[in-house]
Amino acid sequence: MALKIAIGSDHAGYELKEEVKKILKEKGYEYTDLGAESIDPKDDYPKYGKKVAEAVASGKYDRGIAICGTGIGISIAANKVSGIRAAVGYNTEMAKVSRLHNDANVLALGGRVKTDEPVSDILSVWLETQFSGDERHERRINQIREIEDSRLKTKD
Ligand code: RB5
């Protein structure tokens with residue numbers, strides 16, 4: 001079944017977001033752009049990290065792509081949403097391992113960061129690599145879920 005992808009960026013990631021959209025289209029992926037709509041710095045990265053993360057956490061989208069200047073701020077914001085495992089992927093190795101080991105459901109990229117490899121390659125690897133399903137990786141992801149659950153409990 002075709003992956004449904006939510007994509008978002010702040011102003012600093014806007015140009016790379018447009019490039020990523022073109023690449024996704026060429027590769028035949030379905031995506032929804034959640035903004036920003038320009039390079040105007042009127043909205044900050046937490047807003048778009050949250051939008052992408054909530055779109056994925058809701059189950060409406062399979063994966064998210066979140067872009068800011070470095071990918072760092074927007075990944076921190078996205079990771080505050082329960083169920084989200086956002087990983088910065090500056091190269092194909094990071095992109096691949098984030099899927100194999102961490103089952104990352106959001107890829108964070110940096111519009112102001114020079115990558116060693118074409119973004120198109122990073123995207124292909126990240127979108128095509130499946131979670132390994134290894135017991136040890138599953139166990140670690142469950143430990144992350146436990147942190148999320150304990151956080152929800154302390155709110156009571
Ligand atoms: C915006 O200037 C920049 O700080 C932001 O896009 C991002 O790089 C933060 O991590």
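Atoms within each ligand, like the ligands themselves, are counted from 1 in listed order. No hydrogens, no waters, no symmetry mates; every other heavy atom, side chains included, goes into these values. Residue indices begin at 1 and follow the sequence shown. Please read these numbers as outputs of a predicted model, since none were measured by experiment.
- In terms of the side chain to side chain contact (heavy atoms under 4.5 Å, CB included) criterion, residue partners of K51 (sequence neighbours excluded) are, by chain and number, L34, K47, Y48.
- The residues lining ligand 1, counting any heavy atom closer than 4.0 Å, are D10, H11, A12, Y45, C68, G69, T70, G73, R112.
- Annotation for V56 and R63: closest pair CG2-C, 3.5 Å, computed over non-hydrogen atoms.
- Using a 4.5 Å cut-off on side-chain heavy atoms (C-beta onward), D62 and N105 make no contact.
- Side-chain contact between I7 and V52 is absent, with no heavy-atom pair separated by less than 4.5 Å.
- Residues N102 and H137 fail the side-chain proximity criterion, which asks for heavy atoms closer than 4.5 Å.
- Summarising the geometry of G89 relative to M94, their closest heavy-atom pair is CA-CB, 4.1 Å, with the distance given to 0.1 Å.
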